[in-house]
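Heads up: the structure comes next, in structure tokens.
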There are 4 protein chains.
Amino acid sequence: MTSSKKPDKYYAILEGAMKVFAENGFHKSQVSRIAKEAGVADGTIYLYFKKKEDILTSLFQEKLGELVEKFNRAVDESSSAKDALRKICEIHFSELENNIHMAYLTQIELRQSDLELRKEIGLALKRYIILIENILEKGKLDGSFRPDLDVKLVRLLIFGGMDEVVTSWLISGQKYSLTAQVGPTLDFFMHGIEK
Amino acid sequence: MTSSKKPDKYYAILEGAMKVFAENGFHKSQVSRIAKEAGVADGTIYLYFKKKEDILTSLFQEKLGELVEKFNRAVDESSSAKDALRKICEIHFSELENNIHMAYLTQIELRQSDLELRKEIGLALKRYIILIENILEKGKLDGSFRPDLDVKLVRLLIFGGMDEVVTSWLISGQKYSLTAQVGPTLDFFMHGIEK
Amino acid sequence: MTSSKKPDKYYAILEGAMKVFAENGFHKSQVSRIAKEAGVADGTIYLYFKKKEDILTSLFQEKLGELVEKFNRAVDESSSAKDALRKICEIHFSELENNIHMAYLTQIELRQSDLELRKEIGLALKRYIILIENILEKGKLDGSFRPDLDVKLVRLLIFGGMDEVVTSWLISGQKYSLTAQVGPTLDFFMHGIEK
Amino acid sequence: MTSSKKPDKYYAILEGAMKVFAENGFHKSQVSRIAKEAGVADGTIYLYFKKKEDILTSLFQEKLGELVEKFNRAVDESSSAKDALRKICEIHFSELENNIHMAYLTQIELRQSDLELRKEIGLALKRYIILIENILEKGKLDGSFRPDLDVKLVRLLIFGGMDEVVTSWLISGQKYSLTAQVGPTLDFFMHGIEK
DNA sequence: AATGAATGAGCCTTCATTCAT
DNA sequence: TATGAATGAAGGCTCATTCAT
């Protein structure tokens, strides 16, 4: 836990930001609005964050940290590589389905940033991507996955596929169940489309 | 060609915008900078576009239109559903690999927009997504693809996978060949990861 | 008639301007809007008027010219100074009551101008003011008006009084009859308020 | 005093605006110029006023408020309706004669506004107009003024007359004494022009 | 640590005017 | 004369950030 000693206001600001960002998007969210939502003065925000953008990245890292914890625990408890992949997909979909603010944050707001910030976010995502990579490696080793798998590539195809499914579901207005897509998604990842 | 009769300045502005957006990102690109790049006066831009944002969406639709043309031609000439899918992936990767500005535009800039704009972009992307869907349907019909395929889901998994591969390649600094990923990508789409 | 040889478009532009100014006010009226209303191209306006402001002053002088004609004829036909003053007031009120566009122009738009333009307008108004002054002088001479009248001052008090009555009527939304005020107004001018 | 608790900067901005408006007119006065004159940053103005136009109306209401105070005190101390009317005219003329900036503001700048703003100004002026009306009513009651006086009309004739005298004096370049006009003006209001 | 009033750089957009045709 | 596409100066307003208290 890197953040265990951060003061309450730090989290209050992050919570306020999460709400305001989700409602208005990053560029249309004023710092003063976040301050009001967090119940602090405008200037106070700058005691905890250097720039407005830092709130966004901190928020992401904080939330992603929690998520990766869950992913790790699930993978540890899994009986096989295939089972681990299913758990990853289950958690990925269910966590975002059950937390719309978080979904907006990851699928919409975090994309609203320039290349530099995107790199930083990519860095934070790395832990998640590597988790998938490890599962793929394990599957290759125990013989359940193809031995010629390009793990660097496939981890992107898997992550990108899930990511797009979530974004599409979000933009559509969450009209259908996201978790119901876990089965068919896993199926595609495992067997592809060829008969 | 819906845009064949647009005056030269319209395209000059779009070209200027493409360059400026790719270099600085949408929010950090001044309209006056685009005007200078296009060789027109600031005000002239507003004879062709209502708002700054309209330049971005028009640019996207113009470029995507050209791309979809290429996709359509390739699919028409393809011998099978599998071949069509390969062509799609080939064009998707090669076009963006050979046009860095366009790649920045689609992978970075266009994501820097609020929900409303994202919906508009999603609408424009629909044509591409449906193209993929048609290929999947065709493969199901001729028996080369699994009969139980959820095309609505798989089209997203395929598009999302390719999209992520491109973004990752772009953010990494284009250190490796994107087109070299076509083979393994197709392989994953066809057979999945299970042995 | 100074304007008898002006081409049709000159008048078309003035008519268009009158309508547009009355609807939106001088500062919120675009030249292009006037051009459209007049059925000419934007640039054509500048063949007849040097600047946007010139349209306003020309319009005023043109219209005031017509009005002063009417005032002059009425005064010529009047039997006495008192009768002349009544006719002035009647025409002043009825002309504006029957021509709302003209009323907006004189009471609202023409005031929306800087000091320099105000002086020019004042100059155009001079003919009207002098008309009132002449009536006052005549009344002094024929003994029907007080011999100690300060005509330079009273002409302003009379004009200003009528002007305010019109403006008040206009701003109120023309809820009552303006011409019905002629009688009491004359009464005040003739006898004042003291018993 | 409704404004007694407004912070110093509020008044500093109003003073700056008064000067700048009087010198250049409302439309030609930049907000940044007012800020500089007031010794504050541009943005500070928007902490106290919503829009540029609000500075104008606030200025008017502040100043008119002060003036109406003076009018009220004078009327209270007056011995008769006629005396009250004289005091009104005296203050009206002398205040504007002794405060050229204020005179420009009321006679020129405040007229440079569209219908909507004019209505707002009319509303603010109401208090003054009603003051005159009350004097007229009082004079009718105590028998010193005509019993058949149309107070709603005459109050406008009186206000309009004085207003025009001030404007004319201002536009002429203040070449003569305005307060010297009080006597003859009152005379006209009391007896009219008939012998 | 906390405040929030104050700052001032920055920019999109409008629109009167011009000029090549 | 007439056009209308093109110009480009100009400025109101926002809002991330600072700093005196």
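In what follows, every chain begins at residue 1, and chains take the letters A, B, ... in the order their sequences are listed. The figures here come from the full heavy-atom set of this structure, side chains too, leaving out hydrogens, waters and symmetry mates.
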For [X] and [N], what is the distance between atoms [atom1] and [atom2] respectively, to the nearest whole Å?
| X | N | atom1 | atom2 | result |
| --- | --- | --- | --- | --- |
| C/R33 | F/dG4 | CZ | C1' | 18 Å |
| D/L47 | F/dC15 | CG | C1' | 11 Å |
| D/I45 | F/dG12 | CD1 | P | 10 Å |
| B/K6 | F/dA5 | NZ | P | 15 Å |
| B/K36 | F/dG8 | NZ | P | 12 Å |

> So, B/T106 side chain and B/A103 main chain: donor-acceptor pair closer than 3.5 Å or not?
Replying inline: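 Side chain of B/T106 to backbone of B/A103: a pair is present.
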>> Is it the case that the side chain of D/S29 and the backbone of D/V20 share a donor-acceptor pair, with hydrogens and angles ignored and the cut-off at 3.5 Å?
In response: yes
> About how many Å separate CD of D/E37 and CE of D/M18, when rounded to the nearest 0.5 Å?
Replying inline: 12.5 Å
>> Do C/K6 and C/Y48 make a side-chain contact, defined as non-hydrogen atoms from C-beta onward lying under 4.5 Å apart?
In response: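 No - every pair of side-chain heavy atoms lies 4.5 Å or more apart.
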> Can you find a heavy atom in the side chain of B/F60 that is under 4.5 Å from one in the side chain of B/L56?
Replying inline: no
>> Counting the atoms with a prime plus P, OP1 and OP2 as sugar-phosphate, which does B/Y48 contact under 4.0 Å by heavy atoms, base, sugar-phosphate, or nothing?
In response: sugar-phosphate
>> Please confirm whether the shortest side-chain N or O distance from B/K9 to OP1 or OP2 of F/dA5 is below 4.0 Å.
In response: no
>> Salt bridge check, C/R33 against C/E23: does any charged N sit closer than 4.0 Å to a carboxylate O?
In response: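 Between C/R33 and C/E23 there is a salt bridge, with a charged N closer than 4.0 Å to a carboxylate O.
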> Using Watson-Crick and G-U wobble pairs with both distances under 3.5 Å, what is the 5'-to-3' dot-bracket string of DNA chain F, with [ ] for crossing pairs and | for pairs outside the strand?
Replying inline: .||||||||||||||||||||
> Considering residues at least two apart in sequence or located in another chain, which fulfil the ring pair (Phe, Tyr, Trp, His ring centres under 6.0 Å) criterion with A/Y46?
Replying inline: none
>> Generate the contact string for nucleotides 11-20 of chain E. Rules: B means base contact, S means sugar-phosphate contact only, - means no protein heavy atom under 4.0 Å.
In response: SSBBSSBB--
>> Is a donor from one side chain sitting under 3.5 angstrom from an acceptor on the other, for B/E15 and B/Y10?
In response: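 Per modelled atom types, B/E15 and B/Y10 side chains form no pair under 3.5 Å.
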